[in-house]
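Report on the following structure.
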Amino acid sequence: MSDALVVMDAEAVRSRLSIAGCIPLMRQAMIDLSDGRVGQALRSFLPVGEGRTFALMPAVSDAGFGAKLVSVYGAPDRPGRRRHQGLVVMFDTDNGRPVFVGDAEEITRIRTAAATAAATNALARDDARVLALIGAGAQAEAHLEAIAAVRPLTTVRVWGRDLERVTTFTDDMQNRFGLDVLPCATAAQAVESADVVCTLTTATDPVLEGAWVAPGTHVNLVGSSGPHAAEADADLVARSLFIADHRGHVLAHGGEFLRAREQGRVTDDHVVAEIGEVFSGRHPGRTGTDQITLYKSLGHAAQDLAAAAWLLSHERGTLHG
């Protein structure tokens, strides 16, 4: 096997790794994380200036070890929006050489949506057909594609703060996917009677209220990734069967959970399982059609390394099946 360093920009990543193809990779990555076959430290954040952060996410797996190095910057021309720019770097465990460098923004876009789809496939009702997207950016598009890969959607409702942008987004998505993709004037309208809800915003305070969420709904909280931001209120957290992508990270950085705990609505044991434990069958996940299930996604280096390992293997021509 060649030891040459493989470098992939965003287009190279996008042309090789599809969201649908990434779903089983994320499912296995999260099983491995929950089973202890992947070791990772809590992510670390360093402020670079007002509204600017540098984050480091390291992990070690059988496929290799490495980290995601990412800057989180506001977009000057798009208030309230952020970009996650950086690199995913992987090293060979046998000789310690760096073997892969890939565009972190594109890997993150793909693996985040794929991980959400894997969780939705495990936790949403089998008859789920209506999707609500809170947010209308790149992750909203990726999540529409991802959820459509695991449930036969008929209707998608979208809310965002910029109604003009939401309307453009819904027109584009309707043309692309051939579904009824509808703009909504309020978040409550988008969520009403939805079977699956995805929050995909940069909001620091809740844009989703538990009172709006019907029994039987599955909710994916995806947009907030730090302890000081919460996309959903404490009522939703308290009402839900709360599944973490990783328990330790949610107890340290899961803003929605931390606010609910601070308000006395929940304790640490409200995090009933990690999604990897649901995937492996160690926890049953949803046990009733009226349960509100909630998957809190923070994103992990284990996911980045799984995607990087696949890309490296594919590039070297050793991927089989």
Side-chain angles (χ1 to χ4, degrees), residues 41-47 50-53 55 57 72 74 79-82 84 112 115-116 119-120 123 132-135 137 139-140 143 159-161 186-192 194 196-275 277-278 283 285-286 291-300:
L42 284 175
R43 70 189 71 196
S44 58
F45 302 96
L46 289 172
E50 183 66 29
R52 299 175 176 182
T53 303
M57 300 167 58
V72 184
R81 299 188 181 276
R82 295 194 301 258
H84 294 67
T112 302
T116 300
T120 300
L123 295 171
L133 298 174
I134 307 302
Q139 277 295 345
H143 275 71
W159 176 82
R161 289 192 174 94
T186 66
Q189 180 186 351
V191 171
E192 183 182 7
V196 177
V197 178
C198 298
T199 61
L200 307 153
T201 75
T202 60
T204 55
D205 293 310
V207 292
L208 177 63
E209 296 184 12
W212 304 339
V213 179
T217 304
H218 172 64
V219 179
N220 299 299
L221 300 181
V222 182
S224 63
S225 58
H228 305 299
E231 293 185 292
D233 66 5
D235 183 53
L236 178 59
V237 172
R239 291 178 62 202
S240 69
L241 182 77
F242 195 102
I243 309 291
D245 58 0
H246 183 260
R247 184 178 282 100
H249 273 80
V250 166
L251 294 179
H253 295 150
E256 296 87 1
F257 178 82
L258 294 176
R259 291 194 190 186
R261 188 177 67 183
E262 288 168 3
Q263 294 173 26
R265 300 292 303 276
V266 299
T267 58
D268 288 355
D269 60 7
H270 189 66
V271 181
V272 297
E274 294 180 347
I275 193 64
E277 295 171 321
V278 177
H283 189 279
R286 177 182 291 276
Q291 277 182 316
I292 295 173
T293 52
L294 188 155
Y295 166 65
K296 175 55 186 173
S297 167
L298 287 168
H300 295 283

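The model shown is predicted, which means the values in this text are computed figures rather than measured ones. Throughout, residue positions are numbered sequentially from 1 according to the sequence presented.
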Worksheet, complete the sentence: Residues A140 and G135: closest non-hydrogen pair is CB-O, 3.3 Å

Worksheet item: Between V278 and L123, which heavy-atom pair has the shortest distance, and what is it?
Response: CG1-CD2, 4.2 Å

Worksheet item: Can you tell if the side chain of V213 reaches within under 4.5 Å of the side chain of D235, non-hydrogen atoms only?
Response: no

Worksheet, complete the sentence: Correct closest heavy-atom pair for A190 and A132 would be O-CB, 3.3 Å

Worksheet item: H270 versus F257: any side-chain heavy-atom pair under 4.5 Å?
Response: yes

Discussion item. Nearest 0.5 Å, please: how far is OH in Y295 from OG1 in T116?
Written reply: 5.5 Å

Worksheet item: Atom CG of L258 and atom CG of L251: how far apart are they, to the nearest 0.5 Å?
Response: 7.5 Å

Discussion item. Between E256 and V237 (side chain of the first, backbone of the second, donor and acceptor by atom type, cut-off under 3.5 Å), is there such a pair?
Written reply: no

Worksheet item: Judged by atom type as modelled, is there a donor-acceptor pair below 3.5 Å linking the side chain of R259 to the main-chain atoms of P227?
Response: no

Worksheet item: Would a distance-only check, ignoring hydrogens and angles, find a side-chain to backbone donor-acceptor pair under 3.5 Å from D233 to G210?
Response: yes

Discussion item. Is it the case that the side chain of R261 and the backbone of V266 share a donor-acceptor pair, with hydrogens and angles ignored and the cut-off at 3.5 Å?
Written reply: no

Item to complete: Can you see which heavy atom on P215 is nearest to which on I292, and at what distance?
Response: CA-CG1, 4.1 Å

Fill in: Residue pair D245 / K296, side-chain heavy-atom distance below 4.5 Å
no

Worksheet item: Can you tell if the side chain of H246 reaches within under 4.5 Å of the side chain of L298, non-hydrogen atoms only?
Response: no

Worksheet item: A273 and R247: which non-hydrogen atoms are nearest, and at how many Å?
Response: CA-NH2, 3.4 Å

Response to the item:
One should read off an interatomic distance between T217 OG1 and E192 CD, to the nearest 0.5 angstrom, of 11.0 Å

Worksheet item: Quick one: do the S297 and N220 side chains pair a donor with an acceptor below 3.5 Å?
Response: no

Item to complete: Any chance you could measure R286, atom CZ, to L241, atom CG, to the nearest 0.5 Å?
Response: 8.5 Å

Discussion item. I need the L294 CG to H218 NE2 distance, nearest 0.5 Å.
Written reply: 7.5 Å

Discussion item. Taking the six-membered ring for Trp, are H253 and F45 closer than 6.0 Å centroid to centroid?
Written reply: yes

Worksheet item: Side chains of V191 and V219: closer than 4.5 Å at any heavy-atom pair?
Response: no

Discussion item. For the backbone of G299 and the side chain of R43, can you confirm whether one donor and one acceptor N or O come within less than 3.5 Å of each other?
Written reply: yes

Worksheet item: Considering only heavy atoms from C-beta outward, does the side chain of V222 approach that of H143 to under 4.5 Å?
Response: yes

Discussion item. Using modelled atom types and a 3.5 Å cut-off, is there a donor and acceptor pairing between side-chain atoms of R265 and backbone atoms of R239?
Written reply: no

Discussion item. For the CD atom on Q291, are there more than 12 heavy atoms of other groups (residues, nucleotides or ligands in this structure) within a distance under 6.0 Å?
Written reply: yes

Worksheet entry | Residue pair H249, L42: steps toward the side chain to side chain contact (heavy atoms under 4.5 Å, CB included) verdict | CA-CA 6 Å; H249 273 80; L42 284 175; 3.7 Å; yes

Worksheet item: Does any non-hydrogen side-chain atom of V197 lie less than 4.5 Å from one of W212?
Response: no

Practice prompt. Report yes if the side chains of T293 and I243 come closer than 4.5 Å at any heavy-atom pair, otherwise no.
Written response: no

Response to the item:
Shortest non-hydrogen pair, A203 vs A229, comes out as O-CB, 3.7 Å

Discussion item. Can you tell me how far apart SG (C198) and CG (L221) are? Round to the nearest 0.5 Å.
Written reply: 9.5 Å

Worksheet item: Hey, is the main chain of L200 close enough, under 3.5 Å, to the side chain of Q139 for a donor-acceptor pair?
Response: no

